Colleague: 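Sharing a structure below in structure tokens format, with a few things to ask.
Sequential numbering from 1 along the given sequence is applied to the chain's residues. Each ligand, and each atom within it, is numbered from 1 in the order the structure gives. Because the structure is predicted, anything quoted here is derived from the model rather than measured.
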Amino acid sequence: MIEDSIQELESRSLARIQSAASPGELEAVRVEALGRKGTLALIGKEMGKLAPEDRARVGKLLNGAKQKLEAAFEARQRQDAGAALRARLDAEWLDLTLPAPGPRRGYLHPITQIQRELEELFVSLGFTVLDGPEVEDEYHNFDALNIPATHPARDMQDTFWLDGGKLLRTHTSPVQVRGMERLGPPLRMIAPGRVFRNESVDASHEHTFYQLEGMMVDRDVSVAHLLFFMKTLLTAIFHREVTVRLRPGYFPFVEPGFELDIQCLICGGPGCPVCKQSGWVELLPCGLVNPNVLRMSGIDPEQWGGFAFGLGLTRLAMMRYQIDDIRHLQGGDLRFLEQF
Ligand code: FA5
């Protein structure tokens, strides 16, 4: 019976519209039942074969089934679209009342931290902080420090020479000379800064590193003054007793000259690559200013005396933070730098 087929199609399709698991499956049900060549269309074509008195009744039934299925189909589509929208809103949920994360905090490089601490200390002791050029002339880097061109001491610091007789300063000592020239005696100055040497790099040697120069020129300055300031400096940096040794050191611009070494804080004494197995790290060369140097900068050595030191700031950072390879400090690796 054609009426039974219509009813059976209607109830079966309604169930399938409800249970369709995906939009694709739902569309397949629609095409099968309502499509141009779908089951309802086929049944419609059979209508002509019906007795005229049955046609109106069956036609009504057929239209009713078509409308019900179309309505169910649209309802299911609306229901699916609503669920998809809710899922999207849930996934994209944003709490506008949460506080903003704020800018990422940066870090001061360990050498900058130590440099600033030392600047504060020396300023509190009456010293002025001076700056000088990294591209220097031969006069300030060497001649005015009692190292003329023929002097073998020029070989102690392998130099990067530039065009026109200029050079990359090999130490911060030229700033002493500039300080004496500019400010005259009495003088208390420090000069932190970057220096350059054409030497091969290893665990304790860089081609580019930091020093902090210090100088005091006054009446009756002695080795006792020098030692007082060196001890004050080391206590401020290490916040504890460190073992040091003083030995004679040769620098043409000081007389007498000393090397102040610190017992290696990486290995504690037995020897390691940082201290080249010696147990000691060269940190702080110093001495009383050579009268020639005072004279060349226009200061009368009969009236004034002075001390000077040239602290290896990069090595000091290594000792303070127990860094076992100098190359980490300039490597630019944030994982390393963020530890300080
Ligand atoms: C000088 O540069 C002198 N101008 C220091 C000075 C100043 C002496 C005033 C007397 C009076 P020296 O070449 O030793 O001296 O270097 C000083 C310090 O810099 C060393 O003790 C060491 O701590 C550091 N240093 C030297 N070479 C390197 C290097 N290649 N890498 C890292 N640190 C270095």
Colleague: To the nearest 0.5 Å, how far apart are CG in D202 and CZ in R327?
Modeller: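 Going from CG on D202 over to CZ on R327, the span is 6.5 Å.
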
Colleague: Take the angle between the ring planes of H151 and Y250 and call it parallel below 30°, perpendicular above 60°, tilted in between.
Modeller: parallel

Colleague: Salt bridge (charged side-chain N to carboxylate O under 4.0 Å, His left out) for R76 and D80? Distances and angles first, verdict last.
Modeller: CA-CA 6 Å; R76 174 68 207 261; D80 285 355; 3.0 Å; yes

Colleague: Give the protein residues with at least one non-hydrogen atom closer than 4.0 Å to an atom of ligand 1, ordered by chain and number.
Modeller: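 Within the 4.0 Å shell of ligand 1, which is judged on heavy atoms, sit Q157, H171, S173, Q176, R197, E199, S204, H205, E206, F209, Q211, E213, F251, F253, V254, E282, L283, P285, C286, A308, F309, G310, G312, R315, I326.
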
Colleague: Just by distance, no angles: are the side chains of E117 and Q113 close enough, under 3.5 Å, to form a donor-acceptor pair?
Modeller: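 Side-chain D/A pair, E117 to Q113: absent.
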
Colleague: Which of parallel (below 30°), tilted (30 to 60°) and perpendicular (above 60°) describes H171 and F253?
Modeller: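 Perpendicular.
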
Colleague: Does the ring center of F127 lie less than 6.0 Å from the ring center of F309?
Modeller: no

